[in-house]
A.B. asks: 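Can you keep this structure in mind? I'll have questions shortly.
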Amino acid sequence: MAGIIEIHRLSKRFDQQLILDDISLTVNDGEFLTLLGPSGCGKTTLLRLISGFESCDSGQIFIRDKNVTQLTPQQRDVHTVFQSYALFPHMTVFENVAFGLRCSKVSTTEIKARVENILAMVQLSDFSNRKPHQLSGGQQQRVAIARAVVNEPLVLLLDESLSSLDQQLRQSMQIELKRLQRQLGITFIFVTHDQEEALAMSDRIVIMQDGHIIQVGTPREVYEEPANLTAARFIGQLNIFTSRINEVTENQIHYSIEHIERRCKNVKQLKKADPINVLVRPEDLRVWGEHELDPTDHMLPGTIDEVIYKGSTVDLIVRLKSGRLIYATEFFDEDDENLFYNKGESVWVNWLENWEVILIDESA
Ligand code: ATP
(Lines give C-alpha, C1' and ligand atoms only; values in the text may rest on other atoms or scores of the structure.)
Protein backbone atom coordinates (compact mmCIF):
# COMPACT_ATOMS: atom_id res chain seq x y z
CA MET A 1 0.00 0.00 0.00
CA ALA A 2 1.15 3.50 -0.80
CA GLY A 3 0.18 5.63 2.20
CA ILE A 4 1.22 5.49 5.84
CA ILE A 5 -2.49 5.45 6.62
CA GLU A 6 -5.08 3.89 4.35
CA ILE A 7 -8.72 4.49 5.22
CA HIS A 8 -11.04 2.21 3.34
CA ARG A 9 -14.81 2.77 3.13
CA LEU A 10 -15.22 3.96 6.72
CA SER A 11 -18.71 4.65 8.07
CA LYS A 12 -19.86 5.75 11.51
CA ARG A 13 -23.27 6.39 13.04
CA PHE A 14 -24.16 8.09 16.30
CA ASP A 15 -27.75 7.50 17.47
CA GLN A 16 -28.79 6.17 14.03
CA GLN A 17 -27.45 9.30 12.38
CA LEU A 18 -24.84 8.75 9.69
CA ILE A 19 -21.85 10.91 10.71
CA LEU A 20 -19.21 9.50 8.33
CA ASP A 21 -20.44 8.04 5.07
CA ASP A 22 -18.17 5.63 3.24
CA ILE A 23 -14.95 7.62 3.65
CA SER A 24 -11.79 6.52 1.83
CA LEU A 25 -8.51 8.38 2.14
CA THR A 26 -4.77 7.82 1.74
CA VAL A 27 -2.43 9.73 4.05
CA ASN A 28 1.11 9.99 2.68
CA ASP A 29 4.21 9.35 4.77
CA GLY A 30 5.62 12.58 6.24
CA GLU A 31 2.90 14.91 5.02
CA PHE A 32 1.01 17.63 6.84
CA LEU A 33 -2.60 16.78 6.11
CA THR A 34 -5.46 18.97 7.28
CA LEU A 35 -9.08 17.98 7.71
CA LEU A 36 -11.11 21.09 7.02
CA GLY A 37 -14.85 21.61 7.08
CA PRO A 38 -17.75 23.30 8.83
CA SER A 39 -18.65 22.48 12.41
CA GLY A 40 -20.27 19.06 12.72
CA CYS A 41 -19.06 17.68 9.37
CA GLY A 42 -17.26 14.79 11.07
CA LYS A 43 -13.60 15.90 11.24
CA THR A 44 -13.07 15.02 14.91
CA THR A 45 -14.96 11.77 14.50
CA LEU A 46 -12.64 10.76 11.65
CA LEU A 47 -9.61 11.67 13.80
CA ARG A 48 -10.99 9.64 16.72
CA LEU A 49 -11.52 6.64 14.46
CA ILE A 50 -7.90 6.86 13.28
CA SER A 51 -6.65 7.14 16.87
CA GLY A 52 -8.85 4.28 18.03
CA PHE A 53 -10.77 6.31 20.64
CA GLU A 54 -13.91 5.58 18.64
CA SER A 55 -14.79 2.47 16.66
CA CYS A 56 -16.34 2.40 13.19
CA ASP A 57 -19.49 0.62 12.04
CA SER A 58 -17.92 -0.53 8.79
CA GLY A 59 -14.72 -0.09 6.83
CA GLN A 60 -11.06 -0.57 7.64
CA ILE A 61 -8.06 1.47 8.75
CA PHE A 62 -4.50 0.43 7.92
CA ILE A 63 -1.44 2.03 9.49
CA ARG A 64 1.79 1.01 7.75
CA ASP A 65 -0.01 -1.88 6.06
CA LYS A 66 -1.30 -3.24 9.37
CA ASN A 67 -5.06 -3.51 9.81
CA VAL A 68 -5.65 -1.59 13.06
CA THR A 69 -9.45 -1.31 12.78
CA GLN A 70 -10.08 -3.43 15.87
CA LEU A 71 -7.02 -2.32 17.87
CA THR A 72 -7.02 -0.07 20.96
CA PRO A 73 -5.41 3.41 20.85
CA GLN A 74 -2.36 2.05 22.72
CA GLN A 75 -1.83 -0.60 20.05
CA ARG A 76 -1.73 1.96 17.24
CA ASP A 77 1.39 3.89 16.44
CA VAL A 78 -0.39 7.26 16.54
CA HIS A 79 -0.56 9.98 19.15
CA THR A 80 -3.23 12.63 19.68
CA VAL A 81 -2.72 16.20 20.86
CA PHE A 82 -6.09 17.28 22.21
CA GLN A 83 -7.52 20.78 22.05
CA SER A 84 -7.31 21.03 25.84
CA TYR A 85 -3.68 19.71 25.77
CA ALA A 86 -4.62 17.42 28.72
CA LEU A 87 -1.34 18.03 30.57
CA PHE A 88 -0.89 16.58 34.06
CA PRO A 89 -1.23 19.69 36.29
CA HIS A 90 0.80 18.34 39.22
CA MET A 91 3.79 17.30 37.08
CA THR A 92 6.62 19.47 35.80
CA VAL A 93 7.13 20.03 32.09
CA PHE A 94 9.93 17.44 32.15
CA GLU A 95 7.75 14.84 33.86
CA ASN A 96 4.82 15.52 31.56
CA VAL A 97 7.02 14.83 28.56
CA ALA A 98 8.74 11.84 30.22
CA PHE A 99 5.47 10.18 31.26
CA GLY A 100 4.96 7.95 28.20
CA LEU A 101 8.58 6.83 28.22
CA ARG A 102 8.40 5.92 31.93
CA CYS A 103 5.27 3.85 31.22
CA SER A 104 7.20 2.04 28.48
CA LYS A 105 10.02 1.30 30.97
CA VAL A 106 12.66 3.21 29.03
CA SER A 107 15.89 3.61 31.04
CA THR A 108 16.36 6.77 33.11
CA THR A 109 19.43 7.84 31.13
CA GLU A 110 17.62 7.46 27.84
CA ILE A 111 14.55 9.30 29.15
CA LYS A 112 16.73 12.23 30.22
CA ALA A 113 18.42 12.42 26.83
CA ARG A 114 15.22 12.11 24.80
CA VAL A 115 13.19 14.57 26.90
CA GLU A 116 15.99 17.15 26.91
CA ASN A 117 16.38 16.79 23.17
CA ILE A 118 12.69 17.28 22.47
CA LEU A 119 12.38 20.20 24.92
CA ALA A 120 15.24 21.91 23.10
CA MET A 121 13.44 21.32 19.83
CA VAL A 122 10.28 23.05 21.06
CA GLN A 123 12.39 25.74 22.72
CA LEU A 124 11.33 24.89 26.28
CA SER A 125 14.66 23.80 27.80
CA ASP A 126 14.51 26.62 30.34
CA PHE A 127 11.00 25.66 31.43
CA SER A 128 11.52 22.00 32.31
CA ASN A 129 10.90 22.50 36.05
CA ARG A 130 7.75 24.54 35.67
CA LYS A 131 4.22 23.23 36.17
CA PRO A 132 1.64 23.69 33.37
CA HIS A 133 -0.18 26.54 35.17
CA GLN A 134 3.08 28.54 35.08
CA LEU A 135 3.12 28.47 31.27
CA SER A 136 1.39 30.49 28.56
CA GLY A 137 -1.12 28.84 26.23
CA GLY A 138 1.47 28.54 23.47
CA GLN A 139 4.04 27.02 25.82
CA GLN A 140 1.48 24.51 27.11
CA GLN A 141 0.75 23.54 23.56
CA ARG A 142 4.43 22.96 22.88
CA VAL A 143 4.62 20.71 25.96
CA ALA A 144 1.63 18.75 24.65
CA ILE A 145 3.36 18.32 21.29
CA ALA A 146 6.68 17.42 22.93
CA ARG A 147 4.90 14.83 25.07
CA ALA A 148 3.39 13.30 21.95
CA VAL A 149 6.45 13.30 19.70
CA VAL A 150 8.92 12.06 22.35
CA ASN A 151 7.29 8.65 21.86
CA GLU A 152 8.20 8.84 18.17
CA PRO A 153 4.77 7.95 16.81
CA LEU A 154 4.35 7.32 13.10
CA VAL A 155 1.52 9.82 13.00
CA LEU A 156 0.57 12.79 15.17
CA LEU A 157 -3.09 13.75 15.30
CA LEU A 158 -3.87 17.33 16.29
CA ASP A 159 -7.46 18.26 17.06
CA GLU A 160 -8.09 22.02 16.73
CA SER A 161 -4.85 22.43 18.63
CA LEU A 162 -4.47 26.13 17.94
CA SER A 163 -8.06 27.24 18.37
CA SER A 164 -7.73 28.43 21.96
CA LEU A 165 -4.79 30.72 21.21
CA ASP A 166 -5.09 34.41 20.40
CA GLN A 167 -4.54 35.45 16.79
CA GLN A 168 -0.88 36.49 17.10
CA LEU A 169 0.22 33.46 19.08
CA ARG A 170 -1.78 31.28 16.75
CA GLN A 171 0.12 32.57 13.74
CA SER A 172 3.49 32.04 15.35
CA MET A 173 2.44 28.54 16.48
CA GLN A 174 1.40 27.74 12.90
CA ILE A 175 4.94 28.46 11.76
CA GLU A 176 6.35 26.58 14.77
CA LEU A 177 4.22 23.50 14.12
CA LYS A 178 5.15 23.38 10.46
CA ARG A 179 8.84 23.74 11.36
CA LEU A 180 8.59 20.94 13.93
CA GLN A 181 6.81 18.68 11.51
CA ARG A 182 9.54 19.15 8.88
CA GLN A 183 12.25 18.64 11.47
CA LEU A 184 10.69 15.46 12.88
CA GLY A 185 9.54 14.01 9.59
CA ILE A 186 6.41 12.70 11.34
CA THR A 187 3.07 12.63 9.50
CA PHE A 188 0.71 15.21 10.98
CA ILE A 189 -3.09 15.06 10.64
CA PHE A 190 -4.49 18.36 11.76
CA VAL A 191 -8.15 19.28 12.28
CA THR A 192 -9.37 22.83 11.86
CA HIS A 193 -12.34 24.79 10.64
CA ASP A 194 -10.11 27.77 9.88
CA GLN A 195 -9.45 27.85 6.14
CA GLU A 196 -6.58 30.32 6.35
CA GLU A 197 -4.83 28.07 8.83
CA ALA A 198 -5.37 25.09 6.53
CA LEU A 199 -3.97 26.95 3.53
CA ALA A 200 -0.95 28.18 5.46
CA MET A 201 0.11 24.91 7.01
CA SER A 202 -0.88 21.95 4.90
CA ASP A 203 0.78 19.87 2.23
CA ARG A 204 -2.71 18.65 1.39
CA ILE A 205 -6.19 19.63 2.54
CA VAL A 206 -9.17 17.30 2.88
CA ILE A 207 -12.42 19.26 2.64
CA MET A 208 -15.32 17.55 4.38
CA GLN A 209 -19.03 18.23 4.38
CA ASP A 210 -21.88 16.27 6.00
CA GLY A 211 -19.76 13.18 6.59
CA HIS A 212 -18.30 13.13 3.07
CA ILE A 213 -14.94 14.09 1.61
CA ILE A 214 -15.68 16.57 -1.15
CA GLN A 215 -12.13 17.37 -2.21
CA VAL A 216 -8.53 16.42 -1.47
CA GLY A 217 -5.73 18.55 -2.85
CA THR A 218 -2.84 20.86 -2.22
CA PRO A 219 -3.74 24.30 -0.83
CA ARG A 220 -3.27 25.72 -4.31
CA GLU A 221 -5.44 23.07 -5.97
CA VAL A 222 -8.36 23.49 -3.59
CA TYR A 223 -8.11 27.27 -3.81
CA GLU A 224 -7.71 27.56 -7.55
CA GLU A 225 -9.66 24.52 -8.73
CA PRO A 226 -12.45 23.89 -6.22
CA ALA A 227 -14.31 20.65 -6.92
CA ASN A 228 -17.73 22.16 -6.34
CA LEU A 229 -19.49 25.20 -5.02
CA THR A 230 -19.32 24.07 -1.38
CA ALA A 231 -15.56 23.58 -1.53
CA ALA A 232 -15.20 26.91 -3.32
CA ARG A 233 -17.30 28.77 -0.76
CA PHE A 234 -15.45 27.16 2.10
CA ILE A 235 -12.02 28.27 0.93
CA GLY A 236 -11.74 32.03 0.66
CA GLN A 237 -14.09 34.77 -0.47
CA LEU A 238 -15.72 34.42 -3.82
CA ASN A 239 -17.93 36.10 -6.41
CA ILE A 240 -20.34 33.58 -7.89
CA PHE A 241 -22.33 34.40 -11.03
CA THR A 242 -24.98 32.11 -12.48
CA SER A 243 -25.09 31.89 -16.24
CA ARG A 244 -25.70 29.56 -19.16
CA ILE A 245 -23.46 28.68 -22.06
CA ASN A 246 -24.45 30.70 -25.13
CA GLU A 247 -22.14 29.03 -27.55
CA VAL A 248 -19.22 26.63 -27.82
CA THR A 249 -16.58 27.40 -30.42
CA GLU A 250 -13.50 25.28 -30.90
CA ASN A 251 -12.12 24.97 -27.38
CA GLN A 252 -13.95 27.95 -25.91
CA ILE A 253 -17.23 28.58 -24.15
CA HIS A 254 -19.13 31.85 -24.40
CA TYR A 255 -21.43 32.99 -21.63
CA SER A 256 -22.99 36.25 -20.42
CA ILE A 257 -22.89 38.02 -17.09
CA GLU A 258 -25.15 41.04 -16.71
CA HIS A 259 -25.67 40.90 -20.52
CA ILE A 260 -21.94 41.25 -21.12
CA GLU A 261 -20.42 38.44 -23.14
CA ARG A 262 -17.34 36.69 -21.77
CA ARG A 263 -15.47 33.63 -22.88
CA CYS A 264 -12.94 31.13 -21.57
CA LYS A 265 -11.41 27.72 -22.25
CA ASN A 266 -13.81 24.80 -22.28
CA VAL A 267 -11.83 22.66 -19.85
CA LYS A 268 -14.83 20.63 -18.72
CA GLN A 269 -16.27 19.76 -22.14
CA LEU A 270 -19.43 21.77 -21.51
CA LYS A 271 -22.19 22.11 -24.11
CA LYS A 272 -24.40 24.90 -25.38
CA ALA A 273 -27.18 25.81 -22.88
CA ASP A 274 -25.46 24.08 -19.94
CA PRO A 275 -26.22 25.99 -16.71
CA ILE A 276 -23.01 27.16 -15.06
CA ASN A 277 -21.60 28.98 -12.05
CA VAL A 278 -18.79 31.36 -12.83
CA LEU A 279 -16.43 31.80 -9.86
CA VAL A 280 -14.07 34.75 -9.61
CA ARG A 281 -11.89 35.42 -6.57
CA PRO A 282 -11.87 39.04 -5.34
CA GLU A 283 -8.11 39.32 -5.96
CA ASP A 284 -8.59 38.21 -9.58
CA LEU A 285 -11.05 41.00 -10.32
CA ARG A 286 -9.67 44.17 -11.83
CA VAL A 287 -11.40 47.45 -11.25
CA TRP A 288 -10.75 50.37 -13.60
CA GLY A 289 -11.72 54.01 -13.26
CA GLU A 290 -13.73 55.33 -16.23
CA HIS A 291 -10.85 57.53 -17.41
CA GLU A 292 -8.39 54.61 -17.38
CA LEU A 293 -9.89 52.66 -20.24
CA ASP A 294 -10.86 52.69 -23.83
CA PRO A 295 -12.32 50.43 -25.14
CA THR A 296 -14.32 48.56 -22.49
CA ASP A 297 -15.30 45.43 -24.42
CA HIS A 298 -16.39 42.47 -22.29
CA MET A 299 -16.20 44.56 -19.09
CA LEU A 300 -18.95 44.89 -16.50
CA PRO A 301 -20.02 48.44 -15.63
CA GLY A 302 -20.66 49.34 -12.01
CA THR A 303 -20.27 51.91 -9.27
CA ILE A 304 -18.14 51.87 -6.14
CA ASP A 305 -20.36 51.02 -3.18
CA GLU A 306 -17.72 50.76 -0.46
CA VAL A 307 -13.97 51.19 -0.09
CA ILE A 308 -12.38 49.27 2.80
CA TYR A 309 -8.74 50.06 3.51
CA LYS A 310 -6.98 47.08 5.09
CA GLY A 311 -3.35 48.14 5.18
CA SER A 312 -1.75 45.95 2.55
CA THR A 313 -4.93 45.66 0.48
CA VAL A 314 -7.94 47.74 -0.43
CA ASP A 315 -11.26 45.92 -0.60
CA LEU A 316 -13.81 47.35 -2.99
CA ILE A 317 -17.50 46.55 -3.07
CA VAL A 318 -18.84 47.29 -6.53
CA ARG A 319 -22.52 47.54 -7.38
CA LEU A 320 -23.20 46.18 -10.86
CA LYS A 321 -25.95 47.47 -13.16
CA SER A 322 -28.42 44.86 -11.86
CA GLY A 323 -27.83 46.04 -8.29
CA ARG A 324 -25.79 42.98 -7.43
CA LEU A 325 -22.73 43.59 -5.24
CA ILE A 326 -19.36 42.03 -5.98
CA TYR A 327 -16.08 42.06 -4.05
CA ALA A 328 -12.68 43.02 -5.39
CA THR A 329 -9.33 43.15 -3.59
CA GLU A 330 -6.47 45.26 -4.82
CA PHE A 331 -2.97 45.37 -3.34
CA PHE A 332 -2.37 48.75 -1.81
CA ASP A 333 0.27 50.92 -3.38
CA GLU A 334 0.27 54.48 -2.12
CA ASP A 335 2.03 55.68 -5.27
CA ASP A 336 -0.73 54.31 -7.50
CA GLU A 337 -3.25 57.10 -7.94
CA ASN A 338 -5.62 54.70 -9.68
CA LEU A 339 -6.18 52.88 -6.39
CA PHE A 340 -8.05 55.77 -4.83
CA TYR A 341 -11.75 55.38 -5.46
CA ASN A 342 -14.70 57.42 -4.26
CA LYS A 343 -18.04 56.04 -3.24
CA GLY A 344 -20.47 56.32 -6.14
CA GLU A 345 -17.69 56.54 -8.74
CA SER A 346 -18.40 54.75 -12.05
CA VAL A 347 -15.98 51.90 -12.77
CA TRP A 348 -15.44 48.96 -15.10
CA VAL A 349 -14.76 45.47 -13.82
CA ASN A 350 -13.11 42.57 -15.62
CA TRP A 351 -10.74 39.66 -15.12
CA LEU A 352 -8.20 37.91 -17.28
CA GLU A 353 -9.62 35.28 -19.59
CA ASN A 354 -9.40 31.80 -17.98
CA TRP A 355 -8.88 33.15 -14.47
CA GLU A 356 -12.49 32.30 -13.68
CA VAL A 357 -13.48 28.80 -12.54
CA ILE A 358 -16.49 27.36 -14.32
CA LEU A 359 -18.60 24.77 -12.50
CA ILE A 360 -21.71 23.12 -13.84
CA ASP A 361 -24.68 24.52 -11.89
CA GLU A 362 -26.07 21.42 -10.19
CA SER A 363 -29.01 23.31 -8.72
CA ALA A 364 -30.34 24.38 -12.14
P1 ATP B 1 -16.33 20.83 15.10
O2 ATP B 1 -15.54 21.60 14.08
O3 ATP B 1 -17.47 21.61 15.63
O4 ATP B 1 -15.49 20.19 16.17
P5 ATP B 1 -16.47 18.30 13.65
O6 ATP B 1 -16.46 18.41 12.17
O7 ATP B 1 -15.22 17.91 14.32
O8 ATP B 1 -17.06 19.63 14.29
P9 ATP B 1 -17.59 15.99 14.95
O10 ATP B 1 -17.15 16.36 16.32
O11 ATP B 1 -16.90 14.88 14.25
O12 ATP B 1 -17.63 17.26 14.00
O13 ATP B 1 -19.15 15.65 15.03
C14 ATP B 1 -19.91 15.25 13.90
C15 ATP B 1 -21.34 15.00 14.34
O16 ATP B 1 -21.38 13.86 15.18
C17 ATP B 1 -21.97 16.14 15.10
O18 ATP B 1 -23.31 16.28 14.69
C19 ATP B 1 -21.88 15.68 16.54
O20 ATP B 1 -22.95 16.21 17.30
C21 ATP B 1 -22.02 14.17 16.41
N22 ATP B 1 -21.31 13.45 17.47
C23 ATP B 1 -19.97 13.48 17.71
N24 ATP B 1 -19.65 12.69 18.76
C25 ATP B 1 -20.82 12.14 19.19
C26 ATP B 1 -21.16 11.21 20.23
N27 ATP B 1 -20.22 10.68 21.02
N28 ATP B 1 -22.46 10.89 20.37
C29 ATP B 1 -23.41 11.40 19.57
N30 ATP B 1 -23.16 12.25 18.56
C31 ATP B 1 -21.88 12.63 18.37
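Here the structure is a predicted model, which means the values were calculated and not measured. Note that ligands are numbered from 1 as they come in the structure, with each ligand's atoms numbered from 1 the same way. Atoms considered below: every heavy atom in the structure, side chains included; atoms not considered: hydrogens, waters and symmetry mates.
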A.B. asks: Which pairs would a plain distance check flag for residues 116-126, meaning a side-chain donor or acceptor within less than 3.5 Å of a matching protein atom at least two apart in sequence or in another chain?
C.D. replies:
residue	atom	partner	partner atom	Å
Glu116	OE2	Lys112	NZ	3.0

A.B. asks: Have Asn350 and His298 got a donor and an acceptor in their side chains that come within less than 3.5 Å?
C.D. replies: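 His298 and Asn350 do not have a side-chain donor-acceptor pair below 3.5 Å.
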A.B. asks: Does either side chain, that of Glu261 or that of His254, offer a donor lying less than 3.5 Å from an acceptor on the other one?
C.D. replies: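 Yes, side-chain donor-acceptor contact under 3.5 Å.
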A.B. asks: Any pair with a residue in residues 129-139 that passes side-chain hydrogen bond (donor to acceptor under 3.5 Å, both in side chains), sequence neighbours left out, goes on the list, sorted by first then second residue, please.
C.D. replies: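 The answer is Ser136-Gln139.
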A.B. asks: Run the salt-bridge test on Asp274 and Arg244 with the 4.0 Å N-O cut-off and return the result as yes or no.
C.D. replies: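 Looking at Arg244 together with Asp274, the answer is no, because their closest N to O distance does not fall below 4.0 Å.
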A.B. asks: What pairs meet the side-chain hydrogen bond (donor to acceptor under 3.5 Å, both in side chains) rule with one or both residues in residues 8-19, with sequence neighbours excluded?
C.D. replies: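 Sorted result for residues 8-19: Arg9-Asp22.
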A.B. asks: Counting only heavy atoms and a distance below 4.0 Å, can you name the residues contacting ligand 1?
C.D. replies: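 For ligand 1, the residues that come within the 4.0 Å heavy-atom cutoff are Phe14, Asp15, Ile19, Pro38, Ser39, Gly40, Cys41, Gly42, Lys43, Thr44, Thr45, Glu160, His193.
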